[in-house]
Amino acid sequence: ERNNNPKMWEEYADNYSGYCIEFDFSRGIRADLLEDAGEVAALKSILPVFYMDKKPNFDSYKYQLRQYQDTFYENKDDYWEPELSAELKLYSLMKNSHYASEQEWRVTVYGESSGPLWFPFVSAIYLGKDISQENKSRLLEIAEKINASVYQQIVMPNGFTYECVKSLKPRDIKWSGTIHISNRDI
């Protein structure tokens, strides 16, 4: 839910040398856009993770049995169990309360593809304060292709906090030299 969670930047973005992707689902998904683009994947669901002290038991035997039935039955509707499917999905949304500060959401897409799935929801990319120049350049290229904004973390003068500022694309910079912000070279 947040792009400024220090714990997430430390643990999941290689100690501020990675990146964070912002998604915008406010426009939803329209089937006609998929058909027009010849795409085969669409957003199925986006749901928040539930953080609990104890995860309920899940009977994996029933789920495995259903997977075997998929192999043997030609008409899968003959044995469809919506309760089992809902139970599995709910179980996948649960995580130990120790991780509650992560504020995660789970996204499900459906469709068939032998390569990357169409996912037009990326609205911004946040670059860690210690990202390599190589990775930064590659992410700027990607952002340009998908029309996403890019923000760069800048450490504040107190040395303990950072802000994300909109990043300039390399070709937009018309000068050479050093930029000075708060006695810190960029």
Side-chain angles (χ1 to χ4, degrees), residues 1-51 89 92-93 95 99-157 160-182 184-186:
E1 290 181 6
R2 295 178 22 226
N3 61 24
N4 62 352
N5 182 331
K7 184 176 180 182
M8 296 294 279
W9 278 101
E10 291 165 4
E11 293 182 18
Y12 293 100
D14 198 16
N15 207 25
Y16 295 89
S17 65
Y19 58 94
C20 170
I21 299 176
E22 176 181 279
F23 302 104
D24 179 3
F25 297 102
S26 63
R27 291 174 279 140
I29 188 68
R30 292 183 13 217
D32 60 322
L33 292 177
L34 288 171
E35 292 168 10
D36 291 346
E39 301 294 345
V40 292
L43 178 66
K44 187 172 183 179
S45 69
I46 175 168
L47 297 165
V49 170
F50 297 98
Y51 298 97
K89 288 175 186 168
S92 71
L93 291 170
K95 204 167 175 180
Y99 298 99
S101 66
E102 294 181 355
Q103 299 176 301
E104 295 171 276
W105 286 66
R106 300 272 164 91
V107 175
T108 306
V109 294
Y110 63 95
E112 297 178 18
S113 177
S114 60
L117 296 176
W118 182 67
F119 200 75
F121 305 103
V122 176
S123 58
I125 301 173
Y126 293 83
L127 307 175
K129 64 182 181 64
D130 296 326
I131 194 165
S132 71
Q133 188 58 47
E134 179 183 351
N135 288 340
K136 179 178 180 175
S137 295
R138 180 69 179 121
L139 288 168
L140 286 170
E141 288 175 22
I142 293 168
E144 186 173 352
K145 287 180 185 176
I146 63 174
N147 196 29
S149 299
V150 178
Y151 296 86
Q152 174 75 58
Q153 287 179 340
I154 303 294
V155 177
M156 300 312 293
F160 293 110
T161 60
Y162 59 85
E163 280 188 20
C164 292
V165 296
K166 194 150 190 174
S167 181
L168 295 174
K169 295 177 187 150
R171 70 171 190 271
D172 293 339
I173 299 173
K174 309 248 188 273
W175 67 87
S176 62
T178 305
I179 302 171
H180 296 280
I181 297 179
S182 304
R184 200 167 154 86
D185 294 341
I186 298 177

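Put simply, the side chain of Glu104 does not reach to within 4.5 Å of the side chain of Pro48, judged on heavy atoms. Side-chain atoms of Glu144 and Leu140, non-hydrogen and from C-beta on, never get closer than 4.5 Å to each other. Residues Val150 and Leu139 have side chains not in contact (no heavy-atom distance under 4.5 Å, counting atoms from C-beta outward). Inter-residue side-chain proximity for Asp130 and Asn15 is flagged as unmet; no heavy-atom pair is nearer than 4.5 Å.
Once rounded to the nearest 0.5 Å, the distance linking CD1 of Ile125 with CD1 of Ile146 reads 5.0 Å. Distance check, rounded to the nearest 0.5 Å: OH of Tyr126 to OH of Tyr19 gives 15.5 Å. Here the OG1 atom belonging to Thr161 is positioned 10.5 Å from the CG atom belonging to Asn4, to the nearest 0.5 angstrom. Distance check, rounded to the nearest 0.5 Å: CH2 of Trp9 to SG of Cys20 gives 5.5 Å. Atom CZ of Arg2 sits about 8.0 Å away from atom OG of Ser101, to the nearest 0.5 Å. Here the CG atom belonging to Asp24 is positioned 7.5 Å from the CD atom belonging to Glu22, to the nearest 0.5 angstrom.
A pairwise comparison of heavy atoms in Phe23 and Val122 identifies CE2-CG2, 3.8 Å as the closest pair. Of all the heavy atoms in Tyr162 and Gln153, the pair that sits closest is CE1-NE2, 3.1 Å.
Remark: Glu141 CD is packed, more than 12 non-hydrogen atoms of other residues, nucleotides or ligands lying under 6.0 Å away. Around atom CD of Glu134, no more than 12 heavy atoms belonging to other residues, nucleotides or ligands sit under 6.0 Å away. Sparse packing is recorded around OH of Tyr99, with 12 or fewer heavy atoms of other residues, nucleotides or ligands lying under 6.0 Å away.
In terms of modelled atom types and a separation under 3.5 Å, the side chain of Gln152 and the main chain of Gly128 share a donor-acceptor contact. No side-chain donor-acceptor contact under 3.5 Å links Arg106 to the backbone of Val49.
Ion pairing between a basic and an acidic side chain is recognised when a charged N comes within 4.0 Å of a carboxylate O; Lys7 and Glu102 show no such pairing.
For the pair Lys95 and Tyr51, the cation-pi criterion (under 6.0 Å, within 45° of the ring axis) is not fulfilled.
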